[in-house]
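Notes follow the structure.
Below, chain A is the first sequence line, B the second, and so on; all start at residue 1.
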Number of protein chains: 2
Amino acid sequence: MKNIDKLRRAGLRPTKQRLIIADILLDGPNRHFTAEDLQDEICASGNYMSIGTVYNCLKRFKNSGLIKQVEYSKDTAIFDTNTTFHHHFLNEETGELIDIENDKVILGKLPEIPSGFLNSGVDIIIKLKKHT
Amino acid sequence: MKNIDKLRRAGLRPTKQRLIIADILLDGPNRHFTAEDLQDEICASGNYMSIGTVYNCLKRFKNSGLIKQVEYSKDTAIFDTNTTFHHHFLNEETGELIDIENDKVILGKLPEIPSGFLNSGVDIIIKLKKHT
DNA sequence: ATTTTACTTTAAAATGATTCTAAACTACTT
DNA sequence: AAGTAGTTTAGAATCATTTTAAAGTAAAAT
Ligand SMILES: [Mn+2]
Ligand SMILES: [Mn+2]
Ligand SMILES: [Zn+2]
Ligand SMILES: [Zn+2]
């Protein structure tokens with residue numbers, strides 16, 4: 001599908017800026033990236049975009065389900081083009097994230113959910129360090 | 001054990017400020033808290049401490065193993081007096097964390113660890129929403 | 001006990017990611 | 001073509017956290 005249609009289906013007005021971002025994010029392999037990473041790629045593609053617009057677009061893309069945000073980073077927001085339900089390896093030395101598809105993990109035993117609540121999602125992070 | 005000895009054992013010089021914090025954190029039940037939460041409790045106990053010192057002490061307490069930091073919060077750092085290896089429920093509406101002791105979870109299947117690395121810890125977060 | 005040394009606390013300034021503001025611009029509707 | 005609502009932008013503002021450098025304090029050396 002063309003990116004302009006992905007935007008329209010997501011309920012986003014297809015502006016020049018959103019198309020530039022869609023062309024970078026929505027084709028090609030999945031990736032994890034920061035707002036600044038994306039701005040650098042925009043520059044590298046010969047375009048310009050204010051950092052405010054980069055943040056605005058990322059928020060809109062996320063709220064409409066075109067991307068996700070990784071909930072495991074303190075200093076800088078990390079976004080994810082993989083919108084499936086999945087988990088992550090975290091290289092503790094470099095901060096690099098690697099996807100773990102959901103069917104690679106099975107939880108054999110879960111704690112009892114506090115009463116009045118229901119499980120709305122499980123996030124698993126496996127931290128990695130270099131083998132000595 | 002007295003808190004002054006806990007500090008000494010941890011290799012921390014027992015200053016007036018560190019003892020005030022130790023008295024708040026290291027006795028009583030476990031808790032999750034921010035730097036500002038702690039500063040408020042220090043005030044409530046009739047003492048004063050600059051926010052810079054609160055952050056400094058928390059970093060020292062953490063590096064010497066007296067507390068931990070929860071690696072799952074974007075805006076504000078959350079610290080944890082529970083230093084055992086454990087997991088968390090996250091109430092998505094309130095941000096409240098609840099401990100899950102490690103023996104309440106069993107991972108039945110794990111993905112293959114990328115070669116050259118070893119598993120240095122698994123963090124599991126079970127997100128909760130109110131039952132309808 | 002006094003001096004010396006290294007470590008700690010503090011207020012205030014600096015930092016850095018993110019959000020907000022308000023004016024200029026643009027996509028979509030009429 | 002004109003009108004309306006949504007978008008982009010530079011720059012200011014925000015907020016958690018860190019840094020700075022001067023003053024204070026605990027431990028070590030005399
Ligand atoms: Mn850059
Ligand atoms: Mn407060
Ligand atoms: Zn991912
Ligand atoms: Zn905990």
Gap between atoms CZ and P, on B:Arg13 and D:dG24 respectively (whole Å): 17 Å
Any donor-acceptor N or O pair under 3.5 Å, side chains B:His87, B:Asp123: no
Presence of B:Lys16 side-chain N/O under 4.0 Å of C:dT8 phosphate oxygens OP1/OP2: no
Spacing of A:Ile20 atom CD1 relative to D:dT7 atom P, expressed in whole Å: 16 Å
Toward the 5' end of DNA chain D, by each residue's nearest nucleotide, B:Thr15 or B:Ala35: B:Ala35
Side-chain donor-acceptor contact under 3.5 Å, A:His32 with A:Asp37: no
Crowding at CD, A:Glu112 (>12 non-hydrogen neighbours, <6.0 Å): no
Atom-to-atom span, NZ of A:Lys59 to P of C:dA17 - whole angstrom: 17 Å
Distance test, side-chain N/O of A:Tyr55 to OP1/OP2 of D:dA10, below 4.0 Å: no
Atom pair distance, as rounded to whole Å: CG in A:Leu58 and P in C:dA17: 15 Å
Side-chain N,O (B:Thr53) to OP1/OP2 (C:dT9) below 4.0 Å: no
Non-hydrogen side-chain atoms of B:Leu66 and B:Arg60 separated by less than 4.5 Å: no
side-chain N/O B:Gln17 vs C:dT10 OP1/OP2, d < 4.0 Å: yes
Whole angstrom value for the distance that separates C1' of D:dA13 from CD1 of A:Ile51: 16 Å
D:dT17 OP1/OP2 closer than 4.0 Å to side-chain N/O of A:Lys74: yes
Residue-phosphate contact under 4.0 Å: A:Arg60 side-chain N/O, D:dT7 OP1/OP2: yes
Whole-Å distance separating the CD atom of A:Gln39 from the C1' atom of D:dT9: 12 Å
Over 12 non-hydrogen atoms of neighbours within 6.0 angstrom of NZ in A:Lys74: yes
Residue-phosphate contact under 4.0 Å: B:Arg18 side-chain N/O, D:dA26 OP1/OP2: no
Atom-to-atom span, CE of B:Met49 to P of D:dT17 - whole angstrom: 17 Å
Whole-Å distance separating the CG atom of B:Leu7 from the C1' atom of D:dA27: 15 Å
